Novice: 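Could you have a look at this structure, given as structure tokens, before my questions?
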There are 2 protein chains.
Amino acid sequence: MKKDISTEEKILTAAGQIFKSKGYAGARMQEIADKAGINKAMLHYYFRSKKMLFDKIFKEILSSFHQNIVKILNDDINWEKKIIVLTERFFLFVSKNKDIPIFIFNELHKNPEFFQKQLLRFETIRNSSFFKELKTEMEKGNIVKTDPLQVLIHIFSGMIFPVIAEPIISSIGDFNNDGFESFMYQRKEIIPKIIIEYLKNNGEK
Amino acid sequence: MKKDISTEEKILTAAGQIFKSKGYAGARMQEIADKAGINKAMLHYYFRSKKMLFDKIFKEILSSFHQNIVKILNDDINWEKKIIVLTERFFLFVSKNKDIPIFIFNELHKNPEFFQKQLLRFETIRNSSFFKELKTEMEKGNIVKTDPLQVLIHIFSGMIFPVIAEPIISSIGDFNNDGFESFMYQRKEIIPKIIIEYLKNNGEK
DNA sequence: TCATAGTTTAACCTGTTAGTTTAACCACAT
DNA sequence: ATGTGGTTAAACTAACAGGTTAAACTATGA
């Protein structure tokens, strides 16, 4: 109890980096220990097993990702502005955390049952003010009737997918680093425009 | 020389399945051997090492993915119809090969230098009739000026991302299997509509 | 000073993994 | 039958993984 948390903290930081870049199966306890600057036995002293250490980290990442989304979805601005802000925020988030999305999706793909154990309260997303406002506008006939989740996934996929697929996109576009960044910057402008135009295109056709 | 290729073929099929579902680090040579119905030593007899076996399979998957795209991009139909067809085809492809995209992106993420070795000719995508026609229409002022690659990535992300993120989307939407499928079916209709509307929305604003 | 709880270390243990070797096997030509 | 080349299964090996142990160290309070 007297010890400052630095050792535990160092382990979590190091383990987070290793797991995110190599995945569960590719990560080595020794490598995590080395990166944390401690002995391998310490990992087991603090977290008992590789699985437990991983679960703790994965749970934290998943939960912060979830909270992040919910917070934005409940911002007190109108739906149109919120689509723009959502895109902007996701752009910032994935730019700073490029390896988190692929890490989450990959581990979830290999271990789908992990999700049931998590009990993340996803109804907070369905019940967010963003979803509610969209539904209200749809009922009023102001915007196209569609599943609000489709709208959210437009934003997710529009901004998260390119980061996951960066090596391929950069190859197709023959980009260097700057090229890809400006591609993403363009995207940040286009995505909300596309979605909003689509939703507003009601009376036509 | 007398032997038919069935053994090699069986190995490749089995290894493909295991690698795709577990990734390189998670795959076990013994498991591949079992699935192929042969002895572990045979894997080494035919492919020398795990790395070589993996490289061969990864190369094949990447290449077939690439060829698949190029073929569709050069279909002899106009751009508008092509967006619809592209979306449809990607929908079918990812539905039948749900674990290929995440596998490719994940392994590429862990081993980015693999790409340089591949020398896939991505200019065939930039030079496809789809890209050319979009550029022509943009110059004529018939559609909004934008990078054709952005349009392609709209389709990719719109259809591929949801498959990668299926567990999360199903949780948010509280879907069972059918629920997710009908979500994707809706999506297949929405995505081309959104893109085409956006491109045609030229004079306004 | 001594006792104690918490922390750290090095050495060790055990199971698993990729990769190797050996010997048996089988069809077939001589 | 016998030898031969290609093919297979099984046992083996060395390295490495995760995990354990026991002893040493450190700070603190009695």
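Just so we're clear, the structure is a prediction, and the values are computed from it rather than from any experiment. Lettering of chains follows the sequences in order, A, B, ..., and the numbering in each one begins at 1.
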Novice: Any idea which of D:dG19, C:dT9, C:dA18 is nearest the B:K50 side chain?
Specialist: C:dA18
Novice: Mind calculating the distance between CZ (A:F47) and P (D:dT20) to the nearest angstrom?
Specialist: 16 Å
Novice: Can the positive tip of A:K56 be found less than 6.0 Å from the middle of the six-membered ring of A:F47, inside 45° of the ring normal?
Specialist: no
Novice: A quick test of your reading: do over 12 heavy atoms of other residues, nucleotides or ligands sit less than 6.0 Å from CG of B:N177?
Specialist: no
Novice: For B:Y45 and D:dT7, is the shortest distance between a side-chain N/O and OP1 or OP2 below 4.0 Å?
Specialist: yes
Novice: Taking atom P of C:dA24 as reference, at what distance in whole Å does atom CG of B:N39 sit?
Specialist: 16 Å
Novice: Which nucleotide in the set D:dA9, D:dT8, C:dT9 lies at the smallest distance from any side-chain heavy atom of B:Y46?
Specialist: D:dT8
Novice: Determine, step by step, whether B:K82 and B:E133 satisfy the salt bridge (charged side-chain N to carboxylate O under 4.0 Å, His left out) criterion, reporting the C-alpha distance in whole Å, the side-chain angles of both residues, the deciding distance to 0.1 Å, and the verdict.
Specialist: CA-CA 10 Å; B:K82 196 172 282 185; B:E133 191 180 357; 5.0 Å; no
Novice: Starting from P on C:dG19, measure out to CE on B:M52 and report it in whole angstrom.
Specialist: 10 Å
Novice: At 4.0 Å (heavy atoms only), tell me whether A:A27 reaches a base, stays on the sugar-phosphate, or touches nothing.
Specialist: sugar-phosphate
Novice: When you get a sec, tell me which of D:dG18, D:dA9, C:dG19 is the closest nucleotide to the side chain of A:H44?
Specialist: D:dG18
Novice: Using whole Å, what does the distance between atom C1' of nucleotide D:dG6 and atom CD of B:E8 come to?
Specialist: 15 Å
Novice: Taking 4.0 angstrom as the limit, do B:D147 and B:K135 come out as a salt bridge?
Specialist: no
Novice: Nearest-Å distance, CG (A:L43) to P (D:dG18)?
Specialist: 10 Å
Novice: Would you kindly compare B:M42 and A:K51 by the position of their nearest DNA chain D nucleotide and give the one closer to the 5′ end?
Specialist: B:M42
Novice: May I have the distance from B:D34 (atom CG) to D:dA9 (atom C1'), rounded to whole angstrom?
Specialist: 13 Å
Novice: Does the cation-pi check pass for B:K50 over B:Y24, that is, NZ or CZ under 6.0 Å from the six-membered ring centre and within 45° of its axis?
Specialist: yes
Novice: What's the closest nucleotide to the B:R28 side chain, out of D:dA9, C:dT8, C:dA18?
Specialist: C:dA18
Novice: Please determine, for the side chain of A:T7, which listed nucleotide (C:dT8, D:dG19, C:dT17) has the closest atom?
Specialist: C:dT8
Novice: Please give, in whole Å, the distance from C:dT20 C1' to B:M29 CE?
Specialist: 13 Å
Novice: Output the rounded distance in Å from CZ (B:R48) to P (C:dG19).
Specialist: 10 Å
